[in-house]
S.K.: 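Below: one structure in structure tokens.
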Protein chains: 2
Amino acid sequence: MATIYDVARRAEVSPATVSRVVNGHANVDPALVERVRRAMQELGYRPNAVARNLRRSRTTLWAVIIPDVGDPFYTSMVRGVEDAARLAGFSLVLCNADDDEDKEGGYVDAALAEQMAGVIVAPAGPGAPHVRRLMDARVPVVVVDRQAADLRVDTVLVDNELGAQAATAHLIEAGYRRIACVTGPRTASTATQRADGYRQALQEHGRPVDDALIRYTGIQEQAGYDAMRELLALGERPDAVFAAGNRLALGVLRCLQDRAVSVPGEVGLVGFDELPWAPLIRPALTTVAQPTYELGRSAARLLSERIAEPGRPPSTITLATHLEVRASSARFGRVNGG
Amino acid sequence: MATIYDVARRAEVSPATVSRVVNGHANVDPALVERVRRAMQELGYRPNAVARNLRRSRTTLWAVIIPDVGDPFYTSMVRGVEDAARLAGFSLVLCNADDDEDKEGGYVDAALAEQMAGVIVAPAGPGAPHVRRLMDARVPVVVVDRQAADLRVDTVLVDNELGAQAATAHLIEAGYRRIACVTGPRTASTATQRADGYRQALQEHGRPVDDALIRYTGIQEQAGYDAMRELLALGERPDAVFAAGNRLALGVLRCLQDRAVSVPGEVGLVGFDELPWAPLIRPALTTVAQPTYELGRSAARLLSERIAEPGRPPSTITLATHLEVRASSARFGRVNGG
DNA sequence: GTGCGACGTCGTAGATGGTCGCCATCGCTC
DNA sequence: GAGCGATGGCGACCATCTACGACGTCGCAC
């Protein structure tokens with residue numbers, strides 16, 4: 001691999017001049033620029049980013065740490081990050097933490113060691129100790145999707161509470177009377193906020209809140225399946241379910257289908273977070289759609305701004321959701337069978 | 001940020017000794033090891049990977065370049081790569097080329113500049129000029145999913161031809177008589193191989209091959225939709241479709257549903273490549289399941305081996321598919337309506 | 001016309017953080 | 001006392017950037 005010295009020798013200039021040409025600095029004789037350009041061409045010279053990063057003690061890489069690459073919610077978000085990062089001149093390193101705090105920690109270590117210019121993280125756990133570690137090391141960080149408890153850090157969220165409220169209100173207004181809520185673990189801010197929104201909607205409509213109908217579980221499909229099975233075993237079955245997560249909703253639906261419970265005939269269903277294939281599932285799922293792409297874009301913008309101005313006070317951006325009404329929450333009593 | 005010199009000073013040893021401790025080299029007095037360990041702890045020392053990479057002129061990063069992070073086929077493959085890479089001590093940089101050869105080229109440039117230890121690429125286009133560039137720079141490369149024309153390079157593929165043959169044979173045996181094939185662009189080896197398998201199955205069963213029933217299109221859902229619309233407009237409609245891609249199959253299905261053509265009542269359907277939500281789609285899609293995870297693992301293993309032994313002749317691994325029979329290809333004539 | 005300062009241009013050299021080959025030293029054993 | 005192995009330090013090196021200084025030229029003022 002040709003180095004800057006090889007180019008310098010061939011162009012009969014100093015390495016400093018080559019560096020200036022490469023980095024587009026002013027005050028270089030156009031004739032020399034031309035000579036250097038040609039030499040680079042002839043040698044197939046490609047600047048060594050590693051050496052450059054060392055010397056400059058900064059890179060143009062962002063780490064994006066997400067809990068699951070298989071979840072379209074995150075991949076769509078990543079696209080938003082990517083487009084904005086590209087505009088700002090950064091490249092992405094996508095890290096799949098697999099819902100595992102240790103793996104997440106490993107990636108944070110790597111980000112620190114590799115002197116990443118910034119990190120965007122959707123934390124796997126609640127405490128977000130790794131976020132603190134990044135902040136202590138003065139690495140620009142943006143937290144997305146879930147809130148990091150007690151940390152003053154740039155954050156981008158969706159309005160989970162309002163979204164859940166809208167979903168629940170929709171079920172109430174569609175005539176459902178006994179509405180359950182299947183949400184994620186208590187440790188996830190998204191899960192508790194969605195449960196809060198669900199409760200609020202019930203109260204606002206003068207409905208009782210029955211804690212037996214609220215299930216805090218995991219976030220995987222199986223968790224939704226199991227929670228639904230428990231709900232069906234109750235003395236008084238729910239006639240609708242608000243599933244506060246896309247994979248949870250799939251699990252709930254699969255359970256209902258396995259038990260031959262018709263949706264929305266016997267049980268209405270609303271999910272949280274859009275799925276790319278939602279229209280193809282039968283019944284088509286009513287969901288609280290999140291602006292995933294915009295979530296990523298906003299996070300990227302916050303990160304750019306923090307890198308440019310490290311001292312600024314952290315800000316939180318909250319994006320609105322909107323309810324996408326489909327068949328799975330059709331008016332109670334009007335549809336029979338599925 | 002503490003450097004190796006700070007640690008050395010605090011532990012009253014030389015930087016070299018600290019380096020030896022960090023890298024677990026032999027022949028260091030246990031007492032010194034302990035002193036160094038404590039000093040690192042106290043200073044919160046973290047080795048600078050950039051400097052290390054520069055000195056060693058190698059890194060522990062692999063670039064994985066895929067055409068679409070939104071496609072579960074690739075994300076599942078990435079998980080396979082990730083697990084195997086982790087075992088071999090490498091981390092992943094996931095690059096989303098967005099089906100765009102220029103973006104792909106940009107990521108290849110970055111991989112070269114950042115001195116990545118290796119690259120796994122599912123090429124966006126046919127010629128794979130970027131793969132050649134990597135090989136010229138002596139960067140270990142493995143190509144997955146699609147074949148890079150005329151390049152002697154480590155490759156991991158699935159047996160597309162055999163898979164397509166099985167899918168088509170299945171439709172024939174289920175009683176369908178006029179089977180169409182919707183496949184990707186002619187430039188993709190996967191698309192042409194699957195079309196070949198389709199043709200072979202017809203011939204083996206003594207059926208005529210009607211070129212009007214073979215559609216080379218794109219790979220997105222919309223391409224499948226449009227192709228199906230054209231097929232429906234034919235004088236003599238097909239009574240079954242082999243859609244040689246998961247997104248293509250979705251498009252085909254959506255088109256059929258929009259036109260109120262019942263599946264499998266009026267038209268049978270087999271897709272290629274599993275979808276995580278396939279069981280929830282109605283009708284459940286029969287698909288040629290690919291060993292996506294295994295694909296990634298094999299690619300990672302090949303890359304490890306090439307890094308260890310750069311001179312070895314390139315090899316190609318071909319993995320088998322298997323047909324996952326579901327409702328969408330139920331026996332012709334037995335099911336009416338959908 | 002000469003002198004001086006400013007400015008444009010380019011090269012030298014040091015710095016970045018860590019690694020590793022080589023060599024010196026030390027202690028032990030025979 | 002010689003030889004050997006274990007141990008640890010010195011200093012070169014990786015490729016690049018950049019502060020500083022040197023040099024030359026030009027313009028302006030006296």
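Below, chain A is the first sequence line, B the second, and so on; all start at residue 1.
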S.K.: Go through the steps for Asp154(A) and Thr316(A) under the test side chain to side chain contact (heavy atoms under 4.5 Å, CB included), then give the verdict.
M.R.: CA-CA 6 Å; Asp154(A) 288 304; Thr316(A) 294; over 6 Å; no

S.K.: Please name all residues satisfying salt bridge (charged side-chain N to carboxylate O under 4.0 Å, His left out) with Arg56(B), sequence neighbours left out, ordered by chain then number.
M.R.: none

S.K.: Expressed as a whole number of angstroms, how long is the span from Arg9(A):CZ to dA15(D):C1'?
M.R.: 13 Å

S.K.: Grab the N/O contacts between the protein and nucleotides 5-9 of chain C below 3.5 Å, and write none if there aren't any.
M.R.:
unit_1 : atom_1 : unit_2   : atom_2 : d
dT9(C) : OP2    : Asn27(A) : OD1    : 3.2

S.K.: When the distance from CZ of Arg46(A) to C1' of dT16(D) is rounded to whole Å, what number comes out?
M.R.: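 Interatomic distance, CZ of Arg46(A) to C1' of dT16(D): 17 Å.
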
S.K.: Apply salt bridge (Lys or Arg N to Asp or Glu O under 4.0 Å) to the pair Arg301(A) and Glu294(A), showing each step before the final yes or no.
M.R.: CA-CA 10 Å; Arg301(A) 264 201 296 258; Glu294(A) 194 52 46; 3.5 Å; yes

S.K.: Where along residues 12-21 of chain B does a heavy atom fall under 4.0 Å from DNA chain C?
M.R.: Ala16(B), Ser19(B)

S.K.: I would like to know whether Val142(A) and Val153(A) meet side chain to side chain contact (heavy atoms under 4.5 Å, CB included); could you show each step before the answer?
M.R.: CA-CA 7 Å; Val142(A) 173; Val153(A) 59; over 6 Å; no

S.K.: Might you list the N or O atoms of the protein lying below 3.5 Å from N or O atoms in nucleotides 12-14 of chain D, with each pair's distance?
M.R.:
unit_1  : atom_1 : unit_2   : atom_2 : d
dC13(D) : O2     : Arg55(B) : NH1    : 2.9

S.K.: Check the distance between dT16(C)'s P and Asn53(B)'s CG and give it to me in whole angstrom.
M.R.: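 Spelled out: CG on Asn53(B) to P on dT16(C) is 19 Å.
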
S.K.: Grab the CD-P distance between Glu114(A) and dG18(C) for me, whole Å please.
M.R.: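 Glu114(A) atom CD is separated from dG18(C) atom P by 13 Å.
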
S.K.: With side chain to side chain contact (heavy atoms under 4.5 Å, CB included) as the test, would you mind laying out the steps for Glu305(B) and Leu302(B) before giving the verdict?
M.R.: CA-CA 5 Å; Glu305(B) 289 170 17; Leu302(B) 274 190; 4.1 Å; yes

S.K.: Is the shortest distance from a Lys or Arg side-chain nitrogen in Arg133(B) or Asp136(B) to a carboxylate oxygen in the other one below 4.0 Å?
M.R.: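 Salt bridge absent between Arg133(B) and Asp136(B).
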
S.K.: Side-chain atoms of residues 69-79 of chain B: list all donor-acceptor pairs with protein atoms under 3.5 Å, sequence neighbours left out, distances to 0.1 Å.
M.R.:
unit_1   : atom_1 : unit_2    : atom_2 : d
Asp71(B) : OD1    : Phe73(B)  : N      : 2.8
Asp71(B) : OD1    : Asn246(B) : ND2    : 3.4
Asp71(B) : OD2    : Arg247(B) : NE     : 3.4
Asp71(B) : OD2    : Arg247(B) : NH2    : 3.1
Tyr74(B) : OH     : Asp145(B) : OD2    : 3.1
Thr75(B) : OG1    : Pro72(B)  : O      : 3.2
Ser76(B) : OG     : Thr292(B) : OG1    : 2.5
Arg79(B) : NH1    : Asp98(A)  : OD1    : 3.1
Arg79(B) : NH2    : Asp68(A)  : OD1    : 2.8
Arg79(B) : NH2    : Asp98(A)  : OD1    : 3.3

S.K.: Show the numbers, then the answer: is there a side chain to side chain contact (heavy atoms under 4.5 Å, CB included) between Tyr5(B) and Ser14(B)?
M.R.: CA-CA 8 Å; Tyr5(B) 296 98; Ser14(B) 77; over 6 Å; no

S.K.: For Arg152(A) and Pro314(A), indicate whether the former's side chain and the latter's backbone hold a donor-acceptor pair under 3.5 Å.
M.R.: no

S.K.: Looking at Arg132(B), I'd like to know if its CZ atom is crowded, meaning that more than 12 non-hydrogen atoms belonging to other residues, nucleotides or ligands lie closer than 6.0 Å.
M.R.: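 No.
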
S.K.: Give the table of side-chain donor-acceptor pairs shorter than 3.5 Å for residues 81-88 of chain A, with sequence neighbours excluded, one pair per line with atom names and distance.
M.R.:
unit_1   : atom_1 : unit_2    : atom_2 : d
Glu82(A) : OE1    : Asn96(B)  : ND2    : 3.2
Glu82(A) : OE2    : Tyr107(B) : OH     : 2.6
Asp83(A) : OD2    : Tyr293(A) : OH     : 2.4

S.K.: For Leu43(B) and dG17(C), give me the distance from atom CG to atom P, rounded to whole Å.
M.R.: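 About 14 Å, once rounded to whole Å.
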
S.K.: For Gln115(B) and dT16(D), what is the distance between atoms CD and P respectively, to the nearest whole Å?
M.R.: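 So the CD-P distance, Gln115(B) to dT16(D), works out to 9 Å.
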
S.K.: Atom CD1 of Ile4(A) and atom P of dT18(D): how far apart are they, to the nearest Å?
M.R.: 11 Å

